J.: 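Please see the structure below; I have some questions.
We name chains A, B, ... by the order of the sequence lines, and we start the count at 1 in each one. The basis for the numbers below is simple: all heavy atoms, side chains too, and nothing from hydrogens, waters or symmetry mates. Predicted model only: the values in this text are computed from it and were never measured.
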Amino acid sequence: MLHVDLDQFIAAVEVLRRPELAGLPVVVGGRGDPTERGVVSTASYEARAFGLRSGMPLRTAARKCPEAVFLAVDKAAYDAASARVMDVLRSFDVPVEVLGWDEAFLAVPADEHGDPAIPAERIRAAVLAGTGLHCSVGIGDNKLQAKIATDFGKPRGVYRISSATWFEEIGGRPTEALWGIGRKTAQRLAELGLHTVADLAGADTRMLADRLGPTMGPWYRRLGRGVDSSPVDATPYVARGHGRETTFQQDLADWDLVADAVRDLAAQVGRDLAAEGRAAVRVGLKVRYAPFETRSRSRTLPVPTTEADDLAAAALDLLAGLDRSRSVRLVGVRAEMAPPGPPAT
DNA sequence: TCTGGGGTCCTAGGACCC
DNA sequence: TCTGGGGTCCTAGGACCC
């Protein structure tokens, strides 16, 4: 099993088309204006040396590294670059499961080639030759191990973790190093005295089920042990839903303007659905009040619709149920779709 | 750290039905 | 009917990932 992850993908795509940026601290995020509300999508390695990280507010990034080059997010460029990368990966004629723009699993059997590092290096070379982009490759006995191994190989490297080396490699790491455990869950685990991956692996299954739920508890324990039986799923991605949201540069006290934004967002979602020829079965509205308090409302439609006007009407109706005395920081509209397929008779 | 935008999945309570 | 239990749908919120 191999996991491929492009190195600083978004920043690398920008440097590829603007070679004069090579070697400079480059930050891609928002509209590229570090005085605006927005966060860092990707920082180049040179920018990371200043402490810049994905998810950091652009204003903070500019304070830490005023000389950085700030660029706007250009989704279309990353879509195109990602498609080229995935084409290279699919040329190896093994099942490929795509995760987002810049990651994929390849179901390369661990022992068929003897040394799995050989196909891994061939893939790295092919991606570089075909796209001009560098990547790292993780090798594992399953997806979880391969995914974690990739981080150890970065940048431009290959790294292998197996069931035999799992505990020596990551047994002492914090549980947050695992794919699927974030800050909140790591904190809950720490409250149970479970700090490291090895702690989690050795925890009692029933205790975890009691404290974290009958599904999630035992699943976390399997993560700790490096166990993952999920297959590489090469079936083409089909979205369950589409949403659009926007954070206002200034909080909005005027709810007529909020309603205008909801209409715009509903129209965009309508176009996204139309592009796929899918009907909405459910409409959701998200409102973030200032300073940062989020409410969501949603409704199953009486009948599936492809009409943007129906989406807008439903979203505005949901909006009418919220507290108009408060200022709004963000508003979002999303639609959930019926699974695709032949229309019911 | 004055905290984006696009997604997915899980949980839990209440409604509703048999 | 002072009152069970299971199944399923709907909704809100949370957690996580890229």
J.: Base, sugar-phosphate alone, or nothing: which one does A:Arg31 contact when heavy atoms must sit under 4.0 Å apart?
T.: nothing
J.: Taking side chain as C-beta onward, heavy atoms only, is A:Lys64 less than 4.5 Å from A:Thr60?
T.: yes
J.: Any side-chain donor paired with an acceptor under 3.5 Å for A:Ser163 and A:Gln145?
T.: yes
J.: Mind checking if A:Gly241 touches a base, just sugar-phosphate, or nothing, with heavy atoms under 4.0 Å?
T.: sugar-phosphate
J.: Taking the side chain as everything from C-beta on, heavy atoms only, tell me whether A:Leu316 gets closer than 4.5 Å to A:Leu319.
T.: yes
J.: For nucleotides B:dC2 and C:dC16, find the distance between their P atoms and express it as a whole number of Å.
T.: 22 Å
J.: Nucleotide range of DNA chain B contacted by chain A, 5' to 3', under 4.0 Å to a heavy atom?
T.: B:dT1 to B:dT11
J.: Under 4.0 Å between a side-chain nitrogen and a carboxylate oxygen: does that hold for A:Glu36 and A:Arg31?
T.: yes
J.: Answer yes or no: are there more than 12 heavy-atom neighbours, outside A:Arg156 itself, under 6.0 Å from its atom CZ?
T.: no
J.: Within the structure shown, what part of the strands sits under 4.0 Å from A:Ser54 by heavy-atom distance: base, sugar-phosphate, or nothing?
T.: nothing
J.: Applying salt bridge (Lys or Arg N to Asp or Glu O under 4.0 Å), name anything that partners A:Asp7, two or more places apart in sequence or on another chain.
T.: A:Lys154
J.: According to the interplanar angle, ranging from 0 to 90°, do the rings of A:Phe9 and A:Tyr78 count as parallel (below 30°), tilted (30 to 60°) or perpendicular (above 60°)?
T.: perpendicular
J.: Assuming nearest nucleotide by heavy-atom distance, tell me which of A:Thr60 and A:Arg244 is located more 5' along DNA chain B.
T.: A:Thr60
J.: If you look at every strand shown and take non-hydrogen atoms under 4.0 Å, does A:Met216 touch a base, only sugar-phosphate, or nothing?
T.: sugar-phosphate
J.: Applying a 4.0 Å non-hydrogen cut-off, can you work out what A:Leu58 is touching in the nucleic acid: base, sugar-phosphate, or nothing?
T.: nothing
J.: Measuring only the P atom in each nucleotide, how far is B:dT3 from C:dC18? A whole number of Å is fine.
T.: 23 Å
J.: So that I can tick it off, tell me whether A:Lys143 and A:Glu97 are bridged by a salt bridge, with the cut-off set at under 4.0 angstrom between side-chain N and carboxylate O.
T.: yes
J.: Just checking, A:Arg48 and A:Phe50: is the charged tip under 6.0 Å from the six-membered ring centre and within 45° of the axis?
T.: no
J.: Using a heavy-atom cut-off of under 4.0 Å over every strand shown, decide if A:Arg188 touches base, sugar-phosphate, or nothing.
T.: nothing
J.: Of A:Gly243 and A:Arg183, whose closest DNA chain B nucleotide lies nearer the 5' terminus?
T.: A:Arg183
J.: Please determine if A:Asp79 and A:Lys75 form a salt bridge, counting it only when a charged side-chain N lies under 4.0 Å from a carboxylate O.
T.: yes
J.: With heavy atoms under 4.0 Å as the rule, sort A:Tyr78 into base, sugar-phosphate or nothing.
T.: nothing
J.: Would you mind classifying the nucleic acid contact of A:Arg53 as base, sugar-phosphate or nothing, using non-hydrogen atoms under 4.0 angstrom?
T.: nothing
J.: Taking any heavy-atom pair under 4.0 Å as a contact, classify A:Gly30: base, sugar-phosphate, or nothing.
T.: nothing
J.: For DNA chain B, just give me the dot-bracket, please: Watson-Crick or G-U, both distances below 3.5 Å, ( ) intra-strand, [ ] crossing earlier pairs, | paired with another strand, . unpaired.
T.: ....||||||||||||||
J.: Give one of base, sugar-phosphate or nothing for A:Thr185, where a contact means two heavy atoms less than 4.0 Å apart.
T.: sugar-phosphate
J.: What nucleic acid atoms does A:Leu285 come within less than 4.0 Å of, heavy atoms only: base, sugar-phosphate, or nothing?
T.: nothing
